[in-house]
Amino acid sequence: MNSTGAGSAETTAVSASSALDTAAVLAKQFLAGLSRRPVHATATVPELRKRLGQTLGEEGLPPETVVTELASAAEPGLVASAGPRYFGFVIGGSHPAAVGADWLTSAWDQNAGLSATSPAAAVVEEVAAAWLLDLLGLPRGAGVGFVTGAQMANFVGLCAGRHAVLERVGWNVEDDGLHGSPRVEVVVGEEVHVTILSALRMLGLGSGRARRVAVDAQGRMRPDDLARVLRACTGPTLVCAQAGNVNTGAFDPLDEIAALAHERGAWLHVDGAFGLWAGVSPDLRHHLTGVALADSWATDAHKWLNVPYDCGVAIVADPAAQRAALTARASYLVQTEGAERDPFEWVPEFSRRARGFTVYAALRSLGRRGVAEMIERACHLARRMAEKLGIPGFGS
Ligand SMILES: Cc1ncc(COP(=O)(O)O)c(C=O)c1O
(Lines give C-alpha, C1' and ligand atoms only; values in the text may rest on other atoms or scores of the structure.)
Protein backbone atom coordinates (compact mmCIF):
# COMPACT_ATOMS: atom_id res chain seq x y z
CA MET A 1 0.00 0.00 0.00
CA ASN A 2 2.89 2.37 0.59
CA SER A 3 4.61 1.75 -2.74
CA THR A 4 4.52 4.41 -5.43
CA GLY A 5 4.95 1.63 -7.97
CA ALA A 6 8.05 3.31 -9.35
CA GLY A 7 10.88 0.83 -8.97
CA SER A 8 13.36 0.36 -6.15
CA ALA A 9 13.25 2.21 -2.84
CA GLU A 10 16.35 4.18 -3.84
CA THR A 11 14.82 5.29 -7.15
CA THR A 12 11.60 6.29 -5.39
CA ALA A 13 13.51 8.33 -2.80
CA VAL A 14 15.50 10.15 -5.52
CA SER A 15 12.32 10.87 -7.53
CA ALA A 16 10.53 12.17 -4.45
CA SER A 17 13.47 14.35 -3.63
CA SER A 18 13.70 15.93 -7.09
CA ALA A 19 9.92 16.38 -7.25
CA LEU A 20 10.07 18.16 -3.89
CA ASP A 21 13.06 20.29 -4.95
CA THR A 22 11.16 21.27 -8.09
CA ALA A 23 8.01 22.02 -6.10
CA ALA A 24 9.98 24.11 -3.59
CA VAL A 25 11.53 26.25 -6.34
CA LEU A 26 8.16 26.74 -8.06
CA ALA A 27 6.35 27.45 -4.81
CA LYS A 28 8.94 30.03 -3.77
CA GLN A 29 8.72 31.71 -7.19
CA PHE A 30 4.93 31.86 -6.87
CA LEU A 31 5.06 33.33 -3.37
CA ALA A 32 7.73 35.86 -4.36
CA GLY A 33 5.53 37.18 -7.18
CA LEU A 34 2.24 37.00 -5.29
CA SER A 35 1.97 40.68 -4.45
CA ARG A 36 2.60 41.77 -8.07
CA ARG A 37 0.82 39.19 -10.20
CA PRO A 38 -2.72 39.84 -11.47
CA VAL A 39 -5.15 39.04 -8.68
CA HIS A 40 -7.57 37.31 -11.02
CA ALA A 41 -6.97 34.32 -13.28
CA THR A 42 -5.72 35.38 -16.72
CA ALA A 43 -6.86 32.26 -18.58
CA THR A 44 -10.46 31.33 -19.25
CA VAL A 45 -11.87 27.98 -18.16
CA PRO A 46 -11.90 26.61 -21.76
CA GLU A 47 -8.25 27.68 -22.09
CA LEU A 48 -7.39 25.91 -18.86
CA ARG A 49 -9.21 22.77 -20.01
CA LYS A 50 -7.04 22.83 -23.08
CA ARG A 51 -3.83 23.38 -21.14
CA LEU A 52 -4.52 20.73 -18.49
CA GLY A 53 -6.82 18.25 -20.18
CA GLN A 54 -4.44 16.02 -22.11
CA THR A 55 -5.39 12.41 -22.69
CA LEU A 56 -4.09 10.29 -19.83
CA GLY A 57 -1.00 8.54 -21.13
CA GLU A 58 -0.55 4.77 -21.06
CA GLU A 59 2.89 5.30 -19.54
CA GLY A 60 3.64 7.57 -16.61
CA LEU A 61 6.04 10.52 -16.43
CA PRO A 62 8.86 11.33 -14.03
CA PRO A 63 7.50 13.08 -10.91
CA GLU A 64 9.51 16.29 -11.41
CA THR A 65 8.25 16.58 -15.01
CA VAL A 66 4.67 16.21 -13.79
CA VAL A 67 5.17 18.86 -11.11
CA THR A 68 6.83 21.29 -13.55
CA GLU A 69 4.17 20.83 -16.22
CA LEU A 70 1.32 21.05 -13.72
CA ALA A 71 2.65 24.33 -12.33
CA SER A 72 3.15 25.77 -15.81
CA ALA A 73 -0.27 24.74 -17.13
CA ALA A 74 -2.17 25.80 -14.00
CA GLU A 75 -0.32 29.12 -13.58
CA PRO A 76 -2.71 31.42 -15.53
CA GLY A 77 -5.67 29.86 -13.76
CA LEU A 78 -4.41 30.68 -10.27
CA VAL A 79 -6.03 33.43 -8.22
CA ALA A 80 -3.75 35.48 -5.98
CA SER A 81 -6.08 35.05 -3.01
CA ALA A 82 -3.15 34.41 -0.65
CA GLY A 83 -1.69 37.79 -1.59
CA PRO A 84 -2.16 41.28 -0.15
CA ARG A 85 -4.30 42.68 -3.00
CA TYR A 86 -7.12 40.17 -2.86
CA PHE A 87 -10.32 41.35 -1.16
CA GLY A 88 -12.92 38.88 -2.42
CA PHE A 89 -15.13 36.79 -0.14
CA VAL A 90 -13.64 35.88 3.28
CA ILE A 91 -10.44 34.18 2.19
CA GLY A 92 -7.28 33.91 4.24
CA GLY A 93 -3.68 33.99 3.14
CA SER A 94 -1.08 31.66 4.57
CA HIS A 95 1.46 32.26 7.26
CA PRO A 96 5.02 31.09 6.39
CA ALA A 97 5.29 28.75 9.40
CA ALA A 98 1.94 27.19 8.49
CA VAL A 99 2.98 26.69 4.86
CA GLY A 100 6.19 25.02 6.03
CA ALA A 101 4.23 22.78 8.38
CA ASP A 102 1.79 22.02 5.57
CA TRP A 103 4.63 20.81 3.32
CA LEU A 104 5.80 18.55 6.13
CA THR A 105 2.24 17.32 6.68
CA SER A 106 2.22 16.15 3.04
CA ALA A 107 5.67 14.61 3.25
CA TRP A 108 4.88 12.84 6.51
CA ASP A 109 1.54 11.68 5.06
CA GLN A 110 0.09 10.83 8.44
CA ASN A 111 -3.38 9.44 8.80
CA ALA A 112 -4.67 11.61 11.64
CA GLY A 113 -7.69 9.42 12.32
CA LEU A 114 -6.30 7.42 15.21
CA SER A 115 -3.66 8.04 17.83
CA ALA A 116 -2.30 4.62 16.80
CA THR A 117 -1.78 5.77 13.19
CA SER A 118 -0.03 8.99 14.19
CA PRO A 119 0.67 9.71 17.84
CA ALA A 120 2.40 12.95 16.80
CA ALA A 121 -0.65 14.19 14.85
CA ALA A 122 -2.95 13.26 17.74
CA VAL A 123 -0.85 15.04 20.36
CA VAL A 124 -0.33 18.13 18.19
CA GLU A 125 -4.12 18.38 17.74
CA GLU A 126 -4.56 18.01 21.48
CA VAL A 127 -2.11 20.84 22.14
CA ALA A 128 -3.46 23.10 19.37
CA ALA A 129 -7.01 22.48 20.61
CA ALA A 130 -6.12 23.65 24.12
CA TRP A 131 -4.37 26.74 22.74
CA LEU A 132 -7.38 27.59 20.60
CA LEU A 133 -9.85 27.30 23.47
CA ASP A 134 -7.66 29.54 25.58
CA LEU A 135 -7.14 32.12 22.82
CA LEU A 136 -10.77 32.27 21.78
CA GLY A 137 -12.03 32.48 25.38
CA LEU A 138 -14.04 29.26 25.17
CA PRO A 139 -14.53 26.75 28.00
CA ARG A 140 -11.45 24.73 28.86
CA GLY A 141 -12.19 21.05 28.37
CA ALA A 142 -14.56 21.58 25.44
CA GLY A 143 -14.36 19.00 22.63
CA VAL A 144 -12.44 20.12 19.53
CA GLY A 145 -12.39 18.62 16.04
CA PHE A 146 -10.29 19.69 13.06
CA VAL A 147 -12.42 19.62 9.92
CA THR A 148 -12.29 20.93 6.35
CA GLY A 149 -13.89 24.29 7.12
CA ALA A 150 -16.72 26.10 8.84
CA GLN A 151 -19.22 24.14 6.74
CA MET A 152 -18.25 20.92 8.48
CA ALA A 153 -17.66 22.70 11.80
CA ASN A 154 -21.28 23.89 11.65
CA PHE A 155 -22.29 20.33 10.83
CA VAL A 156 -20.41 18.99 13.87
CA GLY A 157 -21.88 21.56 16.27
CA LEU A 158 -25.42 20.88 15.10
CA CYS A 159 -24.82 17.11 15.05
CA ALA A 160 -23.76 17.23 18.71
CA GLY A 161 -26.74 19.48 19.43
CA ARG A 162 -29.14 17.11 17.68
CA HIS A 163 -27.76 14.29 19.85
CA ALA A 164 -28.09 16.27 23.09
CA VAL A 165 -31.59 17.73 22.64
CA LEU A 166 -33.00 14.37 21.56
CA GLU A 167 -31.22 12.50 24.35
CA ARG A 168 -32.89 14.84 26.84
CA VAL A 169 -36.30 13.61 25.65
CA GLY A 170 -35.21 9.97 25.71
CA TRP A 171 -34.48 9.54 21.98
CA ASN A 172 -31.26 7.94 20.75
CA VAL A 173 -30.76 9.51 17.32
CA GLU A 174 -27.52 7.65 16.66
CA ASP A 175 -29.24 4.26 16.99
CA ASP A 176 -32.76 5.08 15.86
CA GLY A 177 -32.32 7.90 13.38
CA LEU A 178 -35.03 10.48 12.90
CA HIS A 179 -37.83 8.14 11.81
CA GLY A 180 -40.57 8.63 14.39
CA SER A 181 -38.41 10.87 16.58
CA PRO A 182 -39.75 13.93 18.38
CA ARG A 183 -39.61 16.92 16.02
CA VAL A 184 -36.43 18.97 16.43
CA GLU A 185 -37.11 22.70 16.10
CA VAL A 186 -34.36 24.76 14.51
CA VAL A 187 -34.17 28.53 14.88
CA VAL A 188 -31.97 30.68 12.64
CA GLY A 189 -31.65 34.37 11.86
CA GLU A 190 -32.95 35.74 8.54
CA GLU A 191 -29.33 36.19 7.47
CA VAL A 192 -28.11 32.74 8.47
CA HIS A 193 -25.06 31.58 6.52
CA VAL A 194 -25.89 29.08 3.81
CA THR A 195 -23.58 26.46 5.36
CA ILE A 196 -25.87 26.19 8.39
CA LEU A 197 -28.72 25.39 6.01
CA SER A 198 -26.59 22.76 4.25
CA ALA A 199 -25.71 21.24 7.61
CA LEU A 200 -29.39 21.04 8.50
CA ARG A 201 -30.04 19.22 5.22
CA MET A 202 -27.26 16.73 5.84
CA LEU A 203 -28.53 16.14 9.38
CA GLY A 204 -32.04 15.31 8.17
CA LEU A 205 -33.46 18.36 9.92
CA GLY A 206 -34.48 20.13 6.74
CA SER A 207 -33.41 23.67 5.87
CA GLY A 208 -36.92 24.71 4.89
CA ARG A 209 -38.36 23.83 8.31
CA ALA A 210 -36.05 26.17 10.19
CA ARG A 211 -37.88 29.02 11.93
CA ARG A 212 -36.52 32.42 10.90
CA VAL A 213 -35.86 35.27 13.32
CA ALA A 214 -36.01 38.88 12.10
CA VAL A 215 -32.72 40.79 11.95
CA ASP A 216 -31.71 44.45 12.16
CA ALA A 217 -30.22 46.51 9.34
CA GLN A 218 -26.77 44.91 9.87
CA GLY A 219 -28.19 41.38 9.86
CA ARG A 220 -28.06 40.85 13.65
CA MET A 221 -30.69 38.54 15.13
CA ARG A 222 -33.29 40.56 17.07
CA PRO A 223 -33.70 39.15 20.59
CA ASP A 224 -37.34 40.35 20.84
CA ASP A 225 -38.20 38.31 17.75
CA LEU A 226 -36.17 35.34 18.98
CA ALA A 227 -38.27 35.36 22.17
CA ARG A 228 -41.42 35.28 20.03
CA VAL A 229 -40.13 32.43 17.84
CA LEU A 230 -38.96 30.40 20.84
CA ARG A 231 -42.41 30.62 22.42
CA ALA A 232 -43.71 28.65 19.43
CA CYS A 233 -41.07 25.90 19.81
CA THR A 234 -42.46 23.14 21.94
CA GLY A 235 -39.95 20.33 21.49
CA PRO A 236 -36.17 19.84 21.44
CA THR A 237 -34.70 23.01 19.97
CA LEU A 238 -31.47 24.14 18.32
CA VAL A 239 -30.75 27.87 18.01
CA CYS A 240 -28.13 29.00 15.49
CA ALA A 241 -26.53 32.37 16.14
CA GLN A 242 -23.80 34.07 14.19
CA ALA A 243 -20.57 35.80 15.23
CA GLY A 244 -19.61 37.67 12.08
CA ASN A 245 -22.18 38.10 9.31
CA VAL A 246 -20.58 37.30 5.95
CA ASN A 247 -22.08 40.45 4.36
CA THR A 248 -21.66 43.03 7.12
CA GLY A 249 -19.35 41.51 9.74
CA ALA A 250 -22.03 42.14 12.39
CA PHE A 251 -22.29 39.98 15.50
CA ASP A 252 -25.54 38.65 16.93
CA PRO A 253 -26.13 39.74 20.57
CA LEU A 254 -24.87 36.45 21.97
CA ASP A 255 -25.46 37.13 25.67
CA GLU A 256 -29.15 37.90 25.14
CA ILE A 257 -29.55 35.00 22.72
CA ALA A 258 -27.86 32.57 25.14
CA ALA A 259 -30.17 33.64 27.98
CA LEU A 260 -33.29 33.18 25.83
CA ALA A 261 -32.14 29.86 24.36
CA HIS A 262 -31.17 28.33 27.67
CA GLU A 263 -34.33 29.51 29.40
CA ARG A 264 -36.11 27.28 26.84
CA GLY A 265 -33.61 24.39 27.29
CA ALA A 266 -32.41 24.90 23.70
CA TRP A 267 -28.92 24.15 22.37
CA LEU A 268 -27.10 27.27 21.17
CA HIS A 269 -24.68 26.93 18.26
CA VAL A 270 -22.55 29.89 17.14
CA ASP A 271 -21.27 30.14 13.58
CA GLY A 272 -18.09 32.16 14.06
CA ALA A 273 -16.28 31.22 10.87
CA PHE A 274 -14.20 34.38 11.08
CA GLY A 275 -15.84 36.40 13.87
CA LEU A 276 -14.77 34.10 16.69
CA TRP A 277 -11.22 35.42 16.21
CA ALA A 278 -12.31 38.81 17.57
CA GLY A 279 -12.08 37.05 20.94
CA VAL A 280 -8.28 37.21 20.84
CA SER A 281 -8.26 41.02 20.90
CA PRO A 282 -9.00 43.00 24.08
CA ASP A 283 -10.23 45.83 21.82
CA LEU A 284 -12.68 43.69 19.86
CA ARG A 285 -13.76 41.10 22.41
CA HIS A 286 -16.85 43.10 23.42
CA HIS A 287 -18.51 41.98 20.15
CA LEU A 288 -18.54 38.46 21.57
CA THR A 289 -19.97 39.12 25.03
CA GLY A 290 -21.69 35.94 26.13
CA VAL A 291 -20.01 33.72 23.52
CA ALA A 292 -18.76 31.25 26.13
CA LEU A 293 -22.35 30.57 27.16
CA ALA A 294 -23.07 28.76 23.88
CA ASP A 295 -23.03 24.99 23.53
CA SER A 296 -21.07 24.71 20.28
CA TRP A 297 -19.04 26.89 17.96
CA ALA A 298 -17.71 26.72 14.43
CA THR A 299 -14.68 28.61 13.20
CA ASP A 300 -12.03 28.50 10.50
CA ALA A 301 -8.26 28.43 10.76
CA HIS A 302 -7.98 28.96 6.99
CA LYS A 303 -9.60 32.39 7.27
CA TRP A 304 -8.22 34.72 9.93
CA LEU A 305 -5.48 32.50 11.33
CA ASN A 306 -4.04 32.28 7.82
CA VAL A 307 -3.24 28.60 7.65
CA PRO A 308 -3.37 27.11 4.14
CA TYR A 309 -6.63 25.52 2.99
CA ASP A 310 -8.24 23.52 4.37
CA CYS A 311 -8.81 23.79 8.09
CA GLY A 312 -11.91 24.48 10.13
CA VAL A 313 -12.44 23.93 13.85
CA ALA A 314 -15.55 22.50 15.52
CA ILE A 315 -15.87 23.08 19.26
CA VAL A 316 -18.48 21.62 21.61
CA ALA A 317 -18.75 22.63 25.28
CA ASP A 318 -19.81 19.14 26.35
CA PRO A 319 -17.23 16.77 24.86
CA ALA A 320 -19.43 13.78 25.70
CA ALA A 321 -22.14 15.06 23.33
CA GLN A 322 -19.64 15.57 20.50
CA ARG A 323 -18.08 12.16 20.96
CA ALA A 324 -21.43 10.40 21.28
CA ALA A 325 -22.64 12.04 18.06
CA LEU A 326 -19.55 11.25 15.99
CA THR A 327 -17.53 8.34 17.30
CA ALA A 328 -17.62 4.87 15.77
CA ARG A 329 -16.50 1.42 16.79
CA ALA A 330 -14.98 -1.46 14.87
CA SER A 331 -13.28 -4.61 16.02
CA TYR A 332 -10.01 -3.72 14.29
CA LEU A 333 -9.75 -0.24 15.81
CA VAL A 334 -7.33 0.29 18.64
CA GLN A 335 -9.37 2.75 20.68
CA THR A 336 -7.98 4.19 23.82
CA GLU A 337 -11.13 5.17 25.72
CA GLY A 338 -9.75 8.56 26.58
CA ALA A 339 -6.21 7.57 27.62
CA GLU A 340 -5.02 9.00 24.33
CA ARG A 341 -6.96 11.29 22.03
CA ASP A 342 -8.23 9.67 18.84
CA PRO A 343 -8.88 12.60 16.48
CA PHE A 344 -11.55 10.78 14.46
CA GLU A 345 -13.93 10.72 17.43
CA TRP A 346 -14.58 14.47 17.16
CA VAL A 347 -15.24 14.82 13.43
CA PRO A 348 -17.29 13.21 10.65
CA GLU A 349 -14.20 11.93 8.81
CA PHE A 350 -12.35 8.73 9.54
CA SER A 351 -9.00 8.80 7.70
CA ARG A 352 -7.87 12.35 7.19
CA ARG A 353 -5.11 14.89 6.80
CA ALA A 354 -3.24 15.90 9.94
CA ARG A 355 -4.58 19.46 10.03
CA GLY A 356 -3.32 20.18 13.52
CA PHE A 357 0.27 20.68 12.36
CA THR A 358 -0.50 23.90 10.47
CA VAL A 359 -2.59 25.35 13.28
CA TYR A 360 0.11 24.50 15.80
CA ALA A 361 2.78 26.13 13.61
CA ALA A 362 0.78 29.32 12.95
CA LEU A 363 -0.06 29.77 16.62
CA ARG A 364 3.51 29.18 17.78
CA SER A 365 4.93 31.47 15.16
CA LEU A 366 2.54 34.33 15.85
CA GLY A 367 2.21 33.90 19.60
CA ARG A 368 -0.76 35.25 21.50
CA ARG A 369 0.22 38.86 20.77
CA GLY A 370 0.86 38.18 17.09
CA VAL A 371 -2.60 36.68 16.58
CA ALA A 372 -4.27 39.65 18.32
CA GLU A 373 -2.22 42.17 16.31
CA MET A 374 -3.04 40.43 13.05
CA ILE A 375 -6.79 40.59 13.77
CA GLU A 376 -6.61 44.20 14.97
CA ARG A 377 -4.56 45.26 11.93
CA ALA A 378 -7.08 43.68 9.55
CA CYS A 379 -9.96 45.51 11.29
CA HIS A 380 -8.04 48.79 11.24
CA LEU A 381 -7.37 48.43 7.51
CA ALA A 382 -10.99 47.47 6.85
CA ARG A 383 -12.18 50.59 8.66
CA ARG A 384 -9.72 52.71 6.66
CA MET A 385 -10.96 51.21 3.44
CA ALA A 386 -14.57 51.83 4.51
CA GLU A 387 -13.79 55.48 5.22
CA LYS A 388 -12.05 55.93 1.86
CA LEU A 389 -14.89 54.23 0.01
CA GLY A 390 -17.29 56.55 1.82
CA ILE A 391 -20.19 54.13 1.48
CA PRO A 392 -22.79 54.48 4.27
CA GLY A 393 -23.14 51.30 6.30
CA PHE A 394 -19.59 50.11 5.78
CA GLY A 395 -17.36 50.09 8.83
CA SER A 396 -20.13 50.71 11.36
C1 LIG B 1 -20.31 33.11 8.64
C2 LIG B 1 -19.76 32.01 7.81
N3 LIG B 1 -20.07 30.74 8.09
C4 LIG B 1 -19.61 29.69 7.37
C5 LIG B 1 -18.76 29.89 6.31
C6 LIG B 1 -18.27 28.72 5.51
O7 LIG B 1 -16.91 28.53 5.72
P8 LIG B 1 -16.08 27.43 4.89
O9 LIG B 1 -16.06 27.95 3.50
O10 LIG B 1 -14.76 27.41 5.56
O11 LIG B 1 -16.79 26.13 5.00
C12 LIG B 1 -18.40 31.20 5.95
C13 LIG B 1 -17.53 31.47 4.80
O14 LIG B 1 -17.21 32.58 4.46
C15 LIG B 1 -18.89 32.28 6.73
O16 LIG B 1 -18.55 33.55 6.47
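For ligands, and for the atoms within them, numbers begin at 1 and follow the listed sequence.
When only modelled atom types and interatomic distance are considered, Arg353 and Ser106 share a side-chain donor-acceptor pair under 3.5 Å. His269 and Asp295 are not linked by any side-chain donor-acceptor pair at a separation below 3.5 angstrom, with hydrogens and angles left out of the test. Between the side chains of Glu345 and Thr327, at least one donor N or O sits under 3.5 Å from an acceptor N or O.
Residue Asn154 places no N or O, backbone or side chain, under 3.5 Å from any N or O of ligand 1. Taking only nitrogen or oxygen atoms, main chain and side chain alike, Ala273 does not reach within less than 3.5 Å of ligand 1. The shortest N or O to N or O distance between Asp271 and ligand 1 is below 3.5 Å.
Proximity of the aromatic rings of Tyr360 and Trp131 is defined here by a centroid distance below 6.0 angstrom, and this criterion is met.
Nearest to atom 16 (O) of ligand 1 among the protein's heavy atoms is Val246 CG2, 3.4 Å. For atom 4 (C) of ligand 1, the nearest protein heavy atom (residue, atom name, distance) is Thr195 OG1, 3.2 Å. Nearest to atom 7 (O) of ligand 1 among the protein's heavy atoms is Lys303 NZ, 3.0 Å.
Linking Ile, Leu, Val, Met, Phe, Trp and Tyr whenever their side-chain heavy atoms come within less than 4.5 Å leaves Trp267 and Val229 in two separate clusters.
Of the candidates Glu191, Gln151, His193, His193 brings a heavy atom nearest to atom 5 (C) of ligand 1.
Of all heavy-atom pairs spanning Pro343 and Arg352, the tightest one is CB-NH2, 3.1 Å.
Residues that satisfy the ring pair (Phe, Tyr, Trp, His ring centres under 6.0 Å) test with Phe155, not counting sequence neighbours, are absent from this structure.
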Output a table of donor-acceptor pairs, distance under 3.5 Å, between side-chain atoms of residues 231-244 and any protein atom two or more places apart or on a different chain; print 'none' if there are none.
unit_1, atom_1, unit_2, atom_2, d
Thr237, OG1, Gly235, O, 2.8
Thr237, OG1, Arg264, NH2, 3.4
Gln242, OE1, His193, N, 3.4
Gln242, NE2, Glu191, O, 3.3

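Near Gly244, the atoms of ligand 1 lying under 4.0 angstrom from a non-hydrogen atom of the residue are 1 (C). With ligand atoms numbered from 1 in the order given, ligand 1 contributes 16 (O) to contacts under 4.0 Å with heavy atoms of Phe274. Atoms of ligand 1 found under 4.0 Å from any heavy atom of Asp300, numbered from 1 in the order shown, are 7 (O), 8 (P), 10 (O).
Heavy atoms of Met152 stay at 4.0 angstrom or farther from ligand 1.
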